[in-house]
Amino acid sequence: MRVSTVGRFRPGVGIGKGRWVRAGWAAAALLLLLAGPASQAAAQPLPAVDIRVLPAGTPAQVVDSVRLLLLLTFLALVPAFVLTMTSFTRIVVVLSLLRSALGTQATPPNQVLIGLALFLTVFVMAPVYREIDARALRPFLANQISAEQAQEQGAAPLREFMLRQTREKDLALFVNLARIPTPTEAGSLPLSVVIPAFIISELKTAFQIGFILYLPFLVIDMVVASTLMSMGMFMLPPVMISLPFKLLLFVLVDGWYLVVKSLVESFR
């Protein structure tokens with residue numbers, strides 16, 4: 001029995017040419033619609049940015065330009081001021097030494113330690129900042145004092161804070177290095193002498209606190225290491241065994257509470 005193949009559907013055969021023509025016109029219309037907004041946007045004028053350096057017409061314009069340059073320079077140095085002229089140095093060094101004593105590698109991460117150090121710095125320095133605001137910033141914004149007077153009034157509370165935390169030995173070192181006459185009172189020292197003396201005093205204090213924090217964890221490491229050696233487990237790293245005990249000790253004594261309390265009270 002033979003089956004006729006007439007009228008049977010075959011791929012590529014039986015599709016009318018009109019369908020392809022209609023599909024082509026639809027694609028062309030879509031391209032025109034998409035190209036229309038782009039061509040209109042290209043026809044619109046774009047704003048031009050022009051930066052020119054023009055000669056100053058009056059001396060006041062030169063002074064304003066210099067003031068703007070000094071302001072931008074000051075803003076660029078603000079992070080350095082925060083790091084060196086506040087309690088941030090002592091706090092971040094102690095927290096870093098604490099992490100090393102625990103032996104937790106990168107836990108807590110640097111972002112957490114720096115964030116905690118910054119907020120503790122704001123907490124410790126809040127009375128100083130309020131005094132600067134009352135003595136220098138508000139009178140200057142109210143046009144009651146000049147910029148030079150505001151600078152002197154604002155530097156006084158910060159100088160007093162740094163001098164309270166600075167050792168006389170460190171102050172004497174930089175006074176001798178600067179070859180300036182020994183002042184009758186420390187409050188008359190320039191900031192160029194007070195700031196470096198304050199920094200090295202803060203580093204010494206931070207390392208002293210870090211040494212005290214290291215001692216209990218060092219004892220745990222020694223006990224664990226001697227125990228493993230007496231049991232003949234030379235291939236087992238002592239740090240792997242001592243880490244849980246150090247974490248347990250730190251949690252039981254509420255270590256973060258004690259460390260933060262000691263750090264904040266050390267500035268009183």
Side-chain angles (χ1 to χ4, degrees), residues 77-132 155 157-178 186-187 189-222 239 242-243 246-247 249-268:
L77 296 176
V78 165
F81 295 154
V82 173
L83 293 177
T84 56
M85 299 175 63
T86 62
S87 59
F88 181 83
T89 301
R90 181 189 304 184
I91 295 173
V92 75
V93 171
V94 170
L95 294 179
S96 299
L97 292 175
L98 173 63
R99 184 175 65 180
S100 300
L102 286 171
T104 54
Q105 302 297 328
T107 303
N110 292 331
Q111 293 84 350
V112 176
L113 289 184
I114 294 175
L116 177 59
L118 283 174
F119 280 104
L120 289 178
T121 301
V122 172
F123 180 80
V124 172
M125 301 297 295
V128 180
Y129 293 152
R130 284 195 293 266
E131 188 174 357
I132 293 175
L158 195 59
R159 182 187 289 106
E160 294 174 2
F161 168 79
M162 290 189 291
L163 288 175
R164 286 198 305 267
Q165 310 300 327
T166 306
R167 296 175 175 83
E168 295 182 0
K169 180 180 179 180
D170 299 328
L171 279 175
L173 170 64
F174 285 95
V175 168
N176 294 331
L177 292 177
L189 287 172
L191 289 178
S192 59
V193 172
V194 176
I195 293 175
F198 169 75
I199 294 174
I200 63 174
S201 294
E202 287 292 282
L203 290 175
K204 183 177 181 180
T205 304
F207 275 83
Q208 290 175 345
I209 298 175
F211 172 76
I212 297 174
L213 291 175
Y214 251 97
L215 288 179
F217 302 115
L218 180 62
V219 172
I220 294 177
D221 287 333
M222 294 175 62
V239 178
S242 63
L243 179 58
K246 290 191 288 186
L247 292 178
L249 174 65
F250 192 70
V251 172
L252 289 178
V253 301
D254 200 358
W256 289 112
Y257 170 85
L258 295 176
V259 170
V260 171
K261 179 182 177 182
S262 301
L263 280 174
V264 173
E265 289 182 347
S266 65
F267 291 99
R268 302 301 183 184

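- In this structure the side chain of I91 reaches within 4.5 angstrom of the side chain of F267, judged on heavy atoms.
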Could you go through the side chain to side chain contact (heavy atoms under 4.5 Å, CB included) check for D221 and K246 one step at a time?
CA-CA 9 Å; D221 287 333; K246 290 191 288 186; 3.4 Å; yes
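- Between L189 and L171 there is a side-chain heavy-atom pair separated by less than 4.5 Å.
- Across E202 and R90, no two heavy atoms sit closer than the pair OE2-NH2, 2.5 Å.
- If you take CG on L116 and CG on L95, they are separated by 5.5 Å, rounding to the nearest 0.5 Å.
- For V93 against F207, the heavy-atom pair with the smallest separation is CG1-CE1, 4.3 Å.
- Counting heavy atoms from C-beta outward, Y214 and S100 have side chains that approach closer than 4.5 Å.
- Counting heavy atoms from C-beta outward, L113 and V92 have side chains that stay 4.5 Å or more apart.
- The shortest side-chain heavy-atom distance between L98 and F217 falls under the 4.5 Å cut-off.
- Ring planes of F250 and W256: perpendicular class, angle over 60° (limits at 30 and 60°).
- Interatomic distance, CG of L263 versus CD1 of I209, reported as 5.5 Å (0.5 Å rounding).
- A donor-acceptor pair is defined here as one N or O able to donate and one able to accept, closer than 3.5 Å; such a pair exists between the side chain of R167 and the backbone of S201.
- The CG atom of L158 sits 8.5 Å away from the OG1 atom of T86 when rounded to the nearest 0.5 Å.
- Here the closest heavy-atom approach between residue A178 and residue V193 is recorded as CB-CG2, 4.2 Å.
- Across all their heavy atoms, V264 and L120 have their closest contact at CG2-CD2, 4.4 Å.
- Counting only distance, with no hydrogens or angles, the side chain of R99 and the backbone of P108 share a donor-acceptor pair below 3.5 Å.
- Taking both residues in full, the closest heavy atoms of F198 and Q165 are given as CE1-CB, 3.7 Å, listed atom of the first, atom of the second, then distance.
- Looking only at side-chain heavy atoms (C-beta outward), M125 and F88 stay at 4.5 Å or farther from each other.
- By the neighbour-count criterion of 12 heavy atoms within 6.0 Å, atom CD of Q208 is densely surrounded, having more than that number from other residues, nucleotides or ligands.
- Scanning all heavy atoms of the two residues, the minimum distance from T84 to T89 falls at CA-OG1, 4.1 Å.
- Using a 4.5 Å heavy-atom threshold, the side chains of T104 and L247 count as touching.
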